[in-house]
Amino acid sequence: MTESPRRSGEYPEPEQQPYAFSYGGGGAYPPPPAYAPPPPAAGHRRARRPVALIAAVAIVAAAIGGGTAAFAERLAGADSAAGGNGVTGTNVSQSSKGTVSGVAQAVSPSIVEINATSASGDSTGSGVIITADGEIITNNHVVSGASSVKVKLSDGKTYTADVVGTDPDKDLALIKLQGASGLKAATLGNSDDVKVGDEVVAIGSPEGLTGTVTSGIVSALDRDVTVSKDENPGQDQQGGQEQGGGGQWPFEFGGQQFNGDTGSSKTTYKAIQTDASLNPGNSGGALINMNGEIIGINSAMYAPSGASGSTAGSVGLGFAIPIDTVKADLGQLRAGADG
């Protein structure tokens, strides 16, 4: 015999097989032997898994929490919340929400240009569509005393409008387009939620430039702005004889008069102050938060003393009537109130 003698009870060590890996649902590689390996002898210890691999798994599992078993499940994609992908989270995608361009794209179709004709001449202002059938909020001073009101939409389509109701005490008016339907109504926000420093966008028709977009921040809240209740004391004029001065709506703040004389019949309201550029023609347009919600109706701007016409540009001091004031007044305006 060629075998070497062995001690009683001694058996040969079974050859350790390499780990098998499965590919694409096929058989294991390398293929298993055609015969089963001999069982280990009694008292013989099985070959141990590599200690380093187990330690690494335990360390990583401890770092993410949940223990080794939980970590192994995540590696295997067994986390049901992950839908079998092994990772939980939220889909991330590019969005225009919260940007000036996104707000402009979303809200511009709801902002209109208003051309009013009165005995004092023609005036241009802006308005905000609040219903699909053509209800529009604007300033009282934009349409006060008007014999004819024409409205141009952002797509260039024009309508004739009727003045439904006015509230000179709040410098608000409601007009209604004739024969309109399917319009995009703006979303009205909550001005009580507005904070100083919030980013805002203004959209209107300054100097007749329909759909002009500017941006800035909320500079202050609860500013006491005083305006005239008289008919046409200096509207946003584009033609005809200007009154009051400067082509702006004259107003008072802090005991001082701006843009001309407000006259003897006056009203004061709490306003949102903004540094978003407002110019003649922005009156009645929208002040919008970054969620695309209307938070105010632009109503007044300060122009440097002596400025008039094309030189009466914005210096970053504009004012808007809070949208909560508008919402509280809608019932009265729809009832045809005319203060």
Exam field: side chain [X] to backbone [Y], donor-acceptor pair closer than 3.5 Å:
X    : Y    : answer
N139 : H141 : no
D324 : S191 : yes
T214 : S277 : yes
S215 : V100 : no
S110 : K184 : yes
T212 : S205 : no
S147 : T117 : yes
T274 : G318 : no
S108 : A104 : yes
N289 : N291 : yes

Does one hydrophobic cluster hold both [X] and [Y], with members joined at side-chain heavy-atom distances below 4.5 Å?
X    : Y    : value
I297 : V225 : yes
M290 : V194 : no
L188 : V201 : yes
V196 : I295 : yes
L177 : I114 : yes

Side chain proximity check, [X] to [Y], heavy atoms < 4.5 angstrom:
X    : Y    : result
D167 : N140 : no
I137 : L333 : yes
V107 : I111 : yes
L287 : I294 : no
L172 : V326 : yes
D133 : S181 : no
D171 : Y269 : yes
I323 : N190 : no

Side-chain H-bond candidate by donor/acceptor type, T268 with T226, under 3.5 Å: yes
Distance-only polar pair, side chains of N279 and E207, donor-acceptor under 3.5 Å: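 Short answer, no.
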Which pair of non-hydrogen atoms, one from [X] and one from [Y], has the smallest distance, and what is that distance?
X    : Y    : result
L278 : M301 : O-SD, 3.2 Å
Y159 : Q178 : CD2-O, 3.4 Å
A173 : V143 : CB-CG2, 3.7 Å
P206 : N282 : CB-OD1, 3.5 Å
A271 : P322 : CA-CD, 4.2 Å
G281 : S126 : O-OG, 2.7 Å

Can you measure from [atom1] ([X]) to [atom2] ([Y]) and round to the nearest 0.5 angstrom?
X    : Y    : atom1 : atom2 : result
D198 : D193 : CG    : CG    : 9.5 Å
I130 : I136 : CD1   : CD1   : 9.0 Å
I175 : I129 : CD1   : CD1   : 9.5 Å
K176 : D162 : NZ    : CG    : 9.0 Å
D329 : K170 : CG    : NZ    : 4.5 Å
L174 : Q332 : CG    : CD    : 11.5 Å

V151/T158 under side-chain contact (heavy atoms from CB on, under 4.5 Å): CA gap, chis, key distance, verdict: CA-CA 5 Å; V151 173; T158 60; over 6 Å; no
Derivation of the side-chain contact (heavy atoms from CB on, under 4.5 Å) call for Q273 and L317: CA-CA 7 Å; Q273 181 182 331; L317 294 173; 3.4 Å; yes
Verdict with reasoning, K150 to E113, per salt bridge (charged side-chain N to carboxylate O under 4.0 Å, His left out): CA-CA 8 Å; K150 301 291 185 181; E113 177 183 312; over 6 Å; no
L183/L153 under side-chain contact (heavy atoms from CB on, under 4.5 Å): CA gap, chis, key distance, verdict: CA-CA 9 Å; L183 304 183; L153 305 187; 3.9 Å; yes
R223 and I272: CA distance, side-chain angles, deciding distance, side-chain contact (heavy atoms from CB on, under 4.5 Å) verdict: CA-CA 6 Å; R223 293 297 202 196; I272 299 170; over 6 Å; no
